[in-house]
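Both ligands and their constituent atoms are indexed starting at 1 by order of listing.
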Amino acid sequence: MKYSISWNGGAILTTDQRSLPHQESPLRLTTVDGVIDAIRTLAVRGAPAIGIAGAFGVALSALRHGAEGATAESATAEGAQGGDAQGGSATAEGSPAVGALDERAQAAVRADAARIADCRPTAVNLSWAVARVLTRLPEGPQAILAEAEAILAEDARANRAAARRAADLVEQLCPDRPLRALTHCNTGRLATAAGGTALGAILELAERGRIVEVLVDETRPLLQGSRLTAWELAEADVPYRICVDSAAAFAMAQGLVDVVLVGADRISRNGDVANKIGTYGLALAAARHGIPLVVVAPESTVDEALESGSGIVVEERRADEVTSVAGTRTAPAGAGVYNPAFDVTPGELVTAVVTESRVLEPARDDLAAQVAAHTVHIPDHPIEGVDFQDLMPVYTQPWLVDRLARAVITRFRGEFDHVAGIEARGFLLGMAIAQAAECSFVPLRKPGKLPPPVHAVEYELEYGTDTLELGEEALPAGARVLIVDDVLATGGTAAAAAKLVGQSGAVPAGCAVILELTGLAGRDRLSLPVFAVRAI
Ligand code: MRU
């Protein structure tokens, strides 16, 4: 496997990301200060990549302090001062046999490690990797180096697995159509050990023949999108166009985006995501347009110690990154600057976080919690033995109805052109979905309400039988119809609705409900995709 960062001859070898795309310059780091400078100036950047560089930085420190403490003969023979770019530092293979470090050397390594971990505060991968290699400090420098090598190899494997899983998910979310993906910043091989995260998923989708175009946000102010992501896409021969960051929302409104794929620098337990500045704006726009926003990251980016994103420290960077373009000042002298390098997107706007081992659905989890908070449980209603879940309080909250409608649209985007609501409560959410999706609404009514001619289907309920009717002319032939109700219980009503839609010559495309009572296995009676915001 070819890694973007490697350990060679006692030094960290990588590509200097500052000179791309014009020049592919190798970068050789042999000192802790060199590592810190490279990370701070974004010569090495991207959450996993800075974690790996930081881990090797601790190894450099340990080898140097170990060599200083070793015999003068071996220290001199290997020239292990670790500070020059000409090599000669201690190496994994050729280093002096440095064993456990004494107390003083260990303290010096810890101090270096703290400086490395602090040099960029937002991406948790850096402090995580530094803390991980430090657990091997009592065993000596070679153990630290071995741990850094393990992090490198694991990151490459994790990214590959996460990228494949994310590609599978995107194929599920956006089935049967050529995809236009939008991405932000750089999440490719340069930002990781190998393969990339979100860009890895895009490349995987391209390999599967699913990508028609990638829209690459330029990513002001340091242009990781237009400099690095565009370079990686060109290298992989994937069609792309660069847009300024402020064009992204309009591109979504114009129908140029099917899915937004981004990486992450830190993810809290509730699914809030810190990522490159501009991600939050993308998430707001994507939610407005019912476009899924998928975050791809290794587990090392998940900060299990953090309940929510409010605890994430956002790095603020130098003013001249904003006031100058390519070294030319573009703002008046003395202009004040606000330059956060990252933002935090609340989980409620994140369709999915995909790692090598799981798929989290923060937006859905948050919505399910809101639905739960607005549901009243009434036992023995309308007859004894029936557990009634009253969702009427949901409809007292317009913001919640709007979010439910948009969640349904995100799930079935591009798959329906009519909404059929089941009388009576299916009318409420169904109408909200039709309105937000700008498509027509058709009522599936109780018997005798619609003027003839009608199609009718009789079906069994938990408590008796009922009939649904649909006006014969209500749906054009071949219309793709999303069936909407509030609750999916035994599935009898939804199955009748699907049959009715089919009888009229239209195609049932899916079924969306707010609440699914899984114990009644209603989903099994339906041969169409079902989306339930909450399942109990
Ligand atoms: O400031 P940067 O360029 O290091 O920021 C990097 C990003 O925000 C990336 O999108 C993120 O680290 C994911 S990298 C796989």
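Of all protein heavy atoms, the one closest to atom 11 (C) of ligand 1 is D265 OD1, 3.3 Å. Closest to atom 15 (C) of ligand 1, if we only count protein heavy atoms, is T197 OG1, 3.2 Å. Nearest protein heavy-atom neighbour of atom 3 (O) of ligand 1: R45 NE, 2.4 Å. Protein heavy atom nearest atom 4 (O) of ligand 1, with residue, atom name and distance: R120 NH1, 2.9 Å. The nearest heavy-atom contact from the protein to atom 5 (O) of ligand 1 is K276 CE, 3.2 Å. Annotation: atom 9 (C) of ligand 1 to nearest protein heavy atom, N275 OD1, 3.7 Å.
Proximity to A191 (heavy-atom distance under 4.0 Å) selects the following atoms of ligand 1: 14 (S), 15 (C). Listed by atom number, the atoms of ligand 1 under 4.0 Å from G46 heavy atoms are 4 (O), 12 (O), 14 (S). Atoms of ligand 1 found under 4.0 Å from any heavy atom of P48, numbered from 1 in the order shown, are 14 (S), 15 (C). Residue contact check: T187 has heavy atoms under 4.0 Å from atoms 10 (O), 13 (C), 15 (C) of ligand 1. Within ligand 1, the atoms closer than 4.0 Å to a non-hydrogen atom of F342 are 1 (O), 5 (O), 8 (O), numbered from 1 in the order shown. Set against the non-hydrogen atoms of A264, the atoms of ligand 1 under 4.0 Å away are 11 (C), 12 (O), 13 (C).
Counting non-hydrogen atoms of other residues, nucleotides and ligands closer than 6.0 Å to CZ of R177 gives a total above 12. Taking a 6.0 Å sphere around CZ of R104, one finds it holds 12 or fewer heavy atoms contributed by other residues, nucleotides or ligands. Within 6.0 Å of atom CZ in R358, more than 12 heavy atoms from other residues, nucleotides or ligands are found, so the atom counts as buried in its surroundings. For Y280, the OH atom counts as loosely surrounded, since its 6.0 Å shell holds 12 or fewer non-hydrogen atoms of other residues, nucleotides or ligands. Within a 6.0 Å sphere centred on CD of E316, other residues, nucleotides and ligands contribute more than 12 heavy atoms.
From T15, atom OG1 reaches atom CD1 of I5 across 9.5 Å, with rounding to the nearest 0.5 Å. E154 CD to E147 CD: the interatomic distance, rounded to the nearest 0.5 Å, is 7.5 Å.
Contact between A341 and ligand 1 is absent, with no heavy atom of the residue lying under 4.0 Å from the ligand. The closest approach between a heavy atom of E315 and any atom of ligand 1 is not below 4.0 Å.
Every residue meeting the salt bridge (Lys or Arg N to Asp or Glu O under 4.0 Å) condition with E204, not counting sequence neighbours, appears here in chain and number order: R160, R208.
With a heavy-atom cut-off of 4.0 Å, Q224 touches ligand 1 through its side chain alone. Using a 4.0 Å cut-off between heavy atoms, C185 contacts ligand 1 through its side chain alone, with no backbone atom that close.
Of the candidates A162, G263, A47, A198, A47 brings a heavy atom nearest to atom 14 (S) of ligand 1.
Contact annotation: the side chain of L205 approaches that of E171 to within less than 4.5 Å [non-hydrogen atoms, C-beta and beyond].
Using the six-membered ring where Trp is involved, F56 and W7 have ring planes that are parallel, under 30° apart on the 30 and 60° scheme.
D217 pairs in a side-chain contact (heavy atoms from CB on, under 4.5 Å) with only one of the listed residues (T183, V260, L182), which is L182.
For ligand 1, the polar-atom distance check against H184 finds no nitrogen or oxygen pair separated by under 3.5 Å.
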